[in-house]
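Data first, discussion second: the structure below is written as C-alpha cells.
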Amino acid sequence: AAARLPPAAGRFGADCRRQQDGCGNIMECGDCSDAPAPAAPTQPPPSQVALKKAPSPAPAPAPAPAPPCRPNITNCTDPAAECGFMDDGCGGKVPCGNLTGACPKLPGSNLTCSPDRKCVCMPQKCENRCGIVPDGCGDVMPCSCELADQTCNEATNTCVAMPSPAPAPAPAPAAPSPVPMTVDCLALEKLHRERAIKMYDYLYYFFFY
C-alpha cells in the first residue's frame with residue numbers, strides 16, 4: 001500500500017496549536033497569537049430574514065354563548081300575597097294576587113299594595129274638596145277651601161268663587177234749592193186796605209140796615 005503523507009500545516013484550515021496530521025501523529029502548527037482574526041459571520045439579506053419569521057398565531061375561537069336563563073318560579077309562591085310581584089331570578093316579575101299584581105278598584109275605596117304584598121286602604125286627600133267628605137276607607141274627614149276668595153258649596157263639596165258684593169246704591173239727587181220769594185210791600189198794603197174797607201162796609205150794613 002502507498003504510504004500516507006502528513007498534510008502540510010494549514011491544509012485543513014489549522015494555523016496554530018497542536019493538530020492531528022492525519023496519520024495518527026501530533027504536529028505543532030505554531031503560536032495562535034499570530035493567527036489572523038476569524039472573519040465576521042455574514043448576515044443574510046433582510047428579505048430572507050423576513051421569510052424566516054414564524055407565522056402569526058391563529059385567533060382564539062369566540063366564547064360559546066351563555067345558556068338561556070331558566071326562571072326559578074313561574075307563579076307567585078307566597079300564598080298570603082294579595083298584590084305585588086316576585087322576582088323570577090332572570091330579571092322578570094311574577095304577579096301575585098291577580099294577573100296585574102294590583103289591588104282591586106272598589107267603588108269609594110283607595111286600596112294600595114304594601115311592601116309585604118297586602119292590600120291596605122290609604123285615606124284620600126281633600127284635593128279641592130270641602131265640607132265633610134268620605135276618605136275612601138269607610139270614614140269621613142273635614143275639608144276646607146284653601147283660597148280666601150272661595151267658599152264651599154255643601155251640595156257638591158266643591159270650592160267655588162265667592163260672589164262679588166252688590167254695588168252700593170247711588171245717592172239720591174239733591175233737593176232743588178227753594179226759589180226766593182219777593183214781596184211787594186205796596187201791593188200787600190193795598191190788599192189789606194181793600195179787605196179792611198170791605199169788612200167795614202159789611203159791618204156798617206149789618207148794624208144799620
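Computed over heavy atoms, backbone and side chain alike; hydrogens, waters and symmetry mates excluded.
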Does Glu146 have more than 12 heavy atoms from other residues, nucleotides or ligands lying within 6.0 Å of its CD?
no
Please report the interatomic distance OG1(Thr112) to NZ(Lys118), rounded to the nearest 0.5 Å.
15.5 Å
Starting from the C-alpha separation in whole Å, work towards a yes-or-no answer on salt bridge (Lys or Arg N to Asp or Glu O under 4.0 Å) for Lys93 and Asp88.
CA-CA 6 Å; Lys93 299 290 184 180; Asp88 64 357; over 6 Å; no
Nearest atoms (heavy-atom pairs only) where Pro123 meets Cys121:
CD-O, 3.8 Å
Return yes if some donor-acceptor pair links the side-chain N/O of Glu82 with the main-chain N/O of Cys119 below 3.5 Å, else return no.
yes
Cys145-Cys159 sulfur separation below 2.5 Å?
yes
Can Lys198 and Glu194 be counted as an ion pair, charged N to O under 4.0 angstrom?
no
side-chain contact (heavy atoms from CB on, under 4.5 Å) between Met122 and Cys137, worked out:
CA-CA 7 Å; Met122 299 295 293; Cys137 295; 5.7 Å; no
How many angstroms lie between atom SG of Cys152 and atom CE of Met162, to the nearest 0.5 angstrom?
11.0 Å
Euclidean distance, Ser144 OG relative to Arg129 CZ, rounded to 0.5 Å:
12.5 Å
Distance check, rounded to the nearest 0.5 Å: Arg195 atom CZ versus Ile197 atom CD1?
13.0 Å
Keeping the roles fixed (side chain from Asn98, backbone from Thr100), state whether a donor-acceptor pair exists under 3.5 Å.
yes
CE of Met141 to CD1 of Ile132: how many Å apart, nearest 0.5 Å?
10.0 Å
Would you please test Val160 and Thr151 for side-chain contact (heavy atoms from CB on, under 4.5 Å) and show each step?
CA-CA 6 Å; Val160 295; Thr151 184; 3.8 Å; yes
Over all heavy atoms of both residues, which pair between Val94 and Cys76 is shortest? Give the atoms and the distance, please.
CG1-N, 3.4 Å
Using side-chain contact (heavy atoms from CB on, under 4.5 Å), reason through Asp78 and Arg117 one step at a time and then give a plain yes or no.
CA-CA 9 Å; Asp78 185 0; Arg117 304 185 187 94; 3.8 Å; yes
I need the Asp87 CG to Cys90 SG distance, nearest 0.5 Å.
10.5 Å
Ignoring hydrogens and angles, tell me if any N or O in the side chain of Asn153 forms a donor-acceptor pair with the backbone of Asn157 under 3.5 Å.
no
Is the side chain of Lys105 donor-acceptor paired with the backbone N or O of Leu111 at a distance under 3.5 Å, no angle test?
no
With disulfide (SG to SG under 2.5 Å) as the test, would you mind laying out the steps for Cys113 and Cys83 before giving the verdict?
CA-CA 6 Å; Cys113 191; Cys83 57; 2.1 Å; yes
